[in-house]
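When a ligand or atom number is given, it counts from 1 through the structure's own listing order.
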Amino acid sequence: MSAEIYAIRYSSREAQAHEHFYRAAPCHGDMPMAYYVWLVRTEQATVLLDTGFTAAKSEALGRPYHGAPLETAAELGAGRIDHLVLSHLHFDHTGHIGEVADATVHIQQREMQFWLGRHAGVGEYAALCDPDDLSALVHANVAGRLRWLDGDADLVPGVTLHLVGGHTPGSQVVRVETDRGPVVLAADASHFYANYENRAPYAIAHTLPLMYDAFERLAELAGPEGLVIPGHDPLVMERFPSAGPGLEGRAVRIA
Ligand SMILES: [Zn+2]
């Protein structure tokens with residue numbers, strides 16, 4: 001069985017193009033944002049990349065909710081999640097951690113350290129993380145379920161994790177070998193196709209040079225035949241077929 005990859009869209013919001021590029025690159029007009037988690041199934045394991053935010057959070061933010069990510073994953077036949085990979089710890093990637101209680105959680109050490117450190121409560125950082133989600137991670141850690149990474153790592157055969165940083169201190173991306181070639185799930189190393197294709201960093205930058213380096217790393221990991229899948233681009237829902245009847249608008253199959 002070749003690896004299967006699904007993008008699950010759980011929320012969305014209206015936005016303007018200038019919000020999505022560092023120092024507001026000259027661009028105008030509507031540029032809505034989609035919110036995803038990704039499900040990867042191989043012969044050996046079921047892997048979830050990120051967990052999205054909850055329905056309650058969505059209501060608090062006044063954003064539409066298209067379905068709880070874990071429920072959509074279950075509709076896709078996910079059953080038990082063996083591995084949860086966290087690309088980074090912004091709130092739109094970390095809800096529901098407590099609900100994936102059996103999974104091993106794979107996270108970069110420098111990401112954990114940053115959000116458990118003194119800057120989490122400073123300025124805009126406080127709005128970018130969710131203390132309840134961080135607390136769920138602390139619980140998972142004390143329960144011995146966290147795998148702390150410091151750099152690139154193997155996950156299961158055909159699936160590897162790669163530290164890129166840039167957007168946050170320990171942002172990581174996932175590379176999956178499939179029948180159609182390598183697929184690189186960039187998450188927020190490239191929010192939109194346009195960030196990666198134009199080498200134009202997103203507006204939220206922790207370390208700008210590493211954001212540029214991350215684009216080159218994505219290209220390297222995908223290779224000439226591979227695909228780079230951005231983390232927040234509504235176009236993903238158009239470029240790939242629906243994952244099945246009843247899942248239109250909520251899940252597409254990438255491989
Ligand atoms: Zn995000």
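- Using cut-offs of 30° and 60° for the angle between ring planes, the Tyr202 and His20 rings count as parallel.
- The name of the N, O or S atom in Asp188 nearest to the Zn ion (ligand 1) is OD2.
- Under the 30°/60° scheme for interplanar angles, the aromatic rings of His232 and Tyr35 are found to stand perpendicular.
- The atom of Asp92 that is an N, O or S and sits closest to the Zn ion (ligand 1) is OD2.
- Side-chain contact annotation: His90 with Thr168, donor-acceptor N/O pair under 3.5 Å absent.
- For the Zn ion (ligand 1), the N/O/S atoms of His90 include none lying under 2.8 Å.
- Between the Zn ion (ligand 1) and the N, O or S atoms of His232, the shortest distance is to NE2.
- The Zn ion (ligand 1) does not have His191 among its coordinating residues (no N/O/S atom, backbone or side chain, under 2.8 Å).
- At a threshold of 4.0 Å, the pair Arg217-Asp152 counts as salt-bridged, since one of the basic side-chain nitrogens sits closer than that to a carboxylate oxygen.
- Residue His96 is tested with Asp50, Thr51, Val37 for a side-chain contact (heavy atoms from CB on, under 4.5 Å); the sole match is Thr51.
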